[in-house]
Amino acid sequence: MKFKLKPLLFSLLGVVSLGVSCGGPGGNGGSSIAGKNKDNSFAMVTSWTSSGLVNHYDSNTSCEAFNYFVVEGLYRYVRSTDEIFCQLAAEMPTHFEAPMSDYIDVMGQDAYDYYISEGKNKVTVSRVKIRPEAKWQNGEDFIAKDVWSYYYMIHPTSSNYMAAVKAVDDKTVEFVWNPLKEPVNAVKELLLAQDKCGTIKYDVFNSYIDPFYEIVMASPINTNQNQWGAFNRWSTDQQIVKMNVIKNNFFQYSPSWYIATGPFKLDTFSATQILLTKNEYYWNAKNIGFEKIKLYSSNDLNQTYSLITNGYVTYYDGFIQQDTLEGMLASNEDLLNLKMYDPGSIGLTFNLEKPIFTEKVREAFQYIFDRDEIRLSANPYATTSYYPLIGMAASEAERYMSKEHFEELPKYENNTAKAESLLNEAGWSKRDGRWYIGDNEVSLTLGAPSSHDISSTAAEATAAQLEKFGIKTKVLKSTAFYGNAESEHSVYDLTLEWTDLNMSFSYPTGSYNQFANIYSKWCHVPRYAGNYVDPQKAGQVKLIFNGLDGDTKTYEFADYINSFYSVSEEQLKYLVDVFNLGLSKMNLGIQFFQNVTASTYNASHITGIPLEQYWKENRNVSYVPPVMSEDFFIVARTNLPFATNYNIAYGVYQPNKAQ
């Protein structure tokens, strides 16, 4: 490639290649807490389709914890650190340039002719070696044809950047990248590390895969590079109808066993409990000491906390309010809690459907709140933010923006006098300590998810400050928060949960997709119709921002949301500057704090929990490892949603056996 990504990303990948590699570290000794694990089990609370599971991951049914124990890909990245480790792959991929003519057979003559006409005669290829010992849970070899099947059947995001996938031999697969939309090598690896290709077994699903593949390859080549289609093809309406029929049948087909490769396999299912048992064919089975995984279903936090406190649960993901946590730790001396960086900010978003939220009013609200007080009430370990909604958490903005423009982002202090002045300018008036618009007292409904403890607590603190300021505020907590927030004519005037969050790897696209698909809907930002003539813009937000530093061009958000992986480092930085500054000036929301999340463990169940020198002193560990420190990587691996099966698959965790 012609350029390098930021040193931060390369140093992360360097840690993976040199420190973790694909061999893993193995276990790390015992525990200072006496063992009570009598059946070599690991237990956690999760959620799943209670009506039943179809026996494959790519159906319309799911169990969240299967991501951690049952299904795998070639690689997996650790969210928040971007560390990559091998699952079904034997080693990290090798990237090389090759004559395009070597791949005519897999990309198709029509694709070859098109790329040649665009002045391209070479392609970049990523070659992956599959573990020789990688097998399906029925004991049959996991092979390259299975990988090929996954990409042509599922069309994950990565396939939008590919020209083809080639099964070279049973244990070698090659990814041929679209020369017109090629990501940089580091992003190629992160894209592959999202894909759970150990879920499609060719000889189980070939009756669906083969006709689906034929339609894909018969689809016209996409010559509009503002459109994004798998393998750079754009199917006709008639072809899409045929593909949907095949896919719907594929979704509904339930094989005789759950198709997967991971360290544990489905044994028993019910609406409230799932039992997984050890996969004897797993490539690292000899180093995995757990014999079973117990999964419990609970949608009630009090019930979940009771299960943890009473010793039924080995691991729990997520922050627990300080008073609640201290009570749980006091009740059970086997429990401990580790904190870790979370690439997201909690705060308020404004519902622009409500006419009271003019630009001036939204600016005024930025000054109302004592953000530090809200942080202390909801998550005292987090970092207070003084920014408005900017499209990503402040830590990511600092990483991807230029220093000059990052420093231009507006920051707001708690200044109620300034807020009052701006509201007066907006036509509001204050009488007897309450705010009015004309003769009508201002009364707001603040929505928050009852299932998210941090947001729920922050909502109470926010409402209290609004009441103190003179604005009547009702907090409405609901399990239906997410649907209510984006619904037309929403009951919520304000919403309190995430304002900026990256649920993917650490690249601007992750945060921007989250904004486009979720938070912009809570704000009710205008959108293009779902059937808009330009598919690049269909369903996307309508946001256009001015260029910077004398640049007279405008930049539409929808034109770039899908192309960040392929742009140069210089262009990426400029686009992030444009979009973050543009969003910040709109005051669509208010960041209160950048979050810290946590892992809660029962150390009498397992050994291998890191930072023992801290939790031996205080089981409520307040230490949050600094970004890029060794502990930063180690603690992120304890978070199953971040790192999936790393600590179990590589034998770091072992049962803390009862003596």
Side-chain angles (χ1 to χ4, degrees), residues 49 51-62 105-115 145-167 175-176 178 180-181 191 194-197 199-255 259 486 513 516-517 521 527-541 558-559 561-563:
T49 306
S51 58
L53 298 176
V54 173
N55 271 342
H56 66 97
Y57 180 83
D58 301 292
S59 68
N60 288 322
T61 62
S62 65
D105 60 328
V106 289
M107 71 171 58
Q109 185 69 50
D110 53 349
Y112 174 82
D113 292 342
Y114 170 62
Y115 294 135
K145 185 72 170 181
D146 300 321
V147 178
W148 174 91
S149 300
Y150 171 84
Y151 283 92
Y152 280 102
M153 188 72 211
I154 301 303
H155 293 179
T157 299
S158 56
S159 67
N160 291 332
Y161 300 87
M162 294 176 184
V165 177
K166 181 177 183 178
F175 298 93
V176 185
N178 179 344
L180 301 176
K181 295 179 177 177
L191 284 169
Q194 293 185 118
D195 299 337
K196 297 178 177 66
C197 57
T199 59
I200 301 289
K201 193 174 190 296
Y202 173 72
D203 62 10
V204 172
F205 297 108
N206 58 354
S207 62
Y208 307 103
I209 295 165
D210 289 341
F212 200 82
Y213 171 73
E214 289 178 7
I215 298 173
V216 171
M217 295 306 292
S219 297
I221 288 296
N222 170 31
T223 58
N224 177 0
Q225 293 310 305
N226 286 326
Q227 292 181 159
W228 294 79
F231 305 105
N232 201 35
R233 293 184 178 272
W234 198 257
S235 303
T236 65
D237 289 346
Q238 186 177 11
Q239 288 170 324
I240 290 172
V241 169
K242 292 179 179 178
M243 293 167 81
N244 284 340
V245 170
I246 296 170
K247 270 213 163 178
N248 287 334
N249 290 332
F250 163 74
F251 289 149
Q252 295 170 26
Y253 175 62
S254 191
I259 307 299
E486 66 179 54
N513 276 328
N517 296 329
K521 292 180 179 179
R527 312 182 79 82
Y528 289 99
N531 60 353
Y532 188 70
V533 63
D534 182 350
Q536 170 82 350
K537 295 180 180 179
Q540 271 290 359
V541 291
D559 286 336
I561 185 63
N562 292 316
S563 62

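Atom set for the values below is all heavy atoms of this structure, side chains included, hydrogens, waters and symmetry mates excluded.
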Audit row: W148, V106, side-chain contact (heavy atoms from CB on, under 4.5 Å) steps and yes/no: CA-CA 11 Å; W148 174 91; V106 289; over 6 Å; no
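- In this structure, the side chain of N55 engages the main chain of P255 through a donor-acceptor pair within 3.5 Å.
- Other residues, nucleotides and ligands contribute more than 12 heavy atoms inside 6.0 Å of the NZ atom of K145.
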Residues D113, Q109; criterion side-chain hydrogen bond (donor to acceptor under 3.5 Å, both in side chains); working and verdict: CA-CA 6 Å; D113 292 342; Q109 185 69 50; 2.9 Å; yes
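- Under a 3.5 Å cut-off, the side chain of S159 and the backbone N or O of F231 do not form any donor-acceptor pair.
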Candidate pair M217 and D110, rule side-chain contact (heavy atoms from CB on, under 4.5 Å), full reasoning: CA-CA 10 Å; M217 295 306 292; D110 53 349; 5.8 Å; no
CA sep, side-chain torsions, deciding dist, call: Q540, Y532, side-chain contact (heavy atoms from CB on, under 4.5 Å): CA-CA 9 Å; Q540 271 290 359; Y532 188 70; over 6 Å; no
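- Using bins of under 30°, 30° to 60° and over 60° for the plane-to-plane angle, the ring pair Y253/F205 lands in the perpendicular bin.
- Closest approach of D559 and K537 over heavy atoms only: OD1-CE, 3.0 Å.
- Rounding to the nearest 0.5 Å gives a distance of 9.5 Å between NE2 of H56 and CD of Q252.
- Between W228 atom CH2 and K181 atom NZ the span is 4.5 Å, to the nearest 0.5 Å.
- Looking at M243 and H155, their side chains come closer than 4.5 Å, going by heavy atoms from C-beta outward.
- Heavy-atom minimum distance, S219 versus R233: O-NH1, 2.8 Å.
- Considering only heavy atoms from C-beta on, L191 stays 4.5 Å or farther from F175 through its side chain.
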Stepwise side-chain hydrogen bond (donor to acceptor under 3.5 Å, both in side chains) check, Y151 with D195: CA-CA 9 Å; Y151 283 92; D195 299 337; 2.8 Å; yes
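- Heavy atoms from other residues, nucleotides or ligands lying under 6.0 Å from CD of Q238 number 12 at most.
- Annotation for P156 and Y150: closest pair CG-CE2, 3.7 Å, computed over non-hydrogen atoms.
- Using a 4.5 Å heavy-atom threshold, the side chains of F250 and D58 count as touching.
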Test side-chain contact (heavy atoms from CB on, under 4.5 Å) applied to V54 and N60, step by step: CA-CA 8 Å; V54 173; N60 288 322; over 6 Å; no
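- Side-chain contact between D146 and C197 is absent, with no heavy atoms from C-beta onward closer than 4.5 Å.
- Nearest approach of T61 to S59, heavy atoms of both residues: OG1-OG, 2.9 Å.
- S254 contributes atom OG, which lies 9.0 Å from atom CG of L53 (distance to the nearest 0.5 angstrom).
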Steps toward side-chain hydrogen bond (donor to acceptor under 3.5 Å, both in side chains) verdict (Y528, D534): CA-CA 9 Å; Y528 289 99; D534 182 350; over 6 Å; no
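- With a 4.5 Å cut-off on side-chain heavy atoms, M107 and N232 do not count as touching.
- Summarising the geometry, atom OG belonging to S235 is positioned 9.5 Å from atom CG belonging to N244; distances are rounded to the nearest 0.5 Å.
- Scanning all heavy atoms of the two residues, the minimum distance from A538 to G530 falls at CB-O, 3.3 Å.
- The two residues I200 and S149 make their nearest non-hydrogen contact at CG2-CB, 3.7 Å.
- Counting heavy atoms from C-beta outward, Y115 and I221 have side chains that stay 4.5 Å or more apart.
- Here the side chains of I154 and T199 are not in contact, with every heavy-atom distance at 4.5 Å or above.
- Side-chain atoms of R527 come within 3.5 Å of backbone atoms of A516 as a donor-acceptor pair (strictly under, hydrogens ignored).
- Distance check: D210 CG to Y202 OH gives 3.5 Å after rounding to the nearest 0.5 Å.
- Although no hydrogens or angles enter the test, the distance criterion places a donor-acceptor pair under 3.5 Å between the side chain of Q239 and the main chain of A218.
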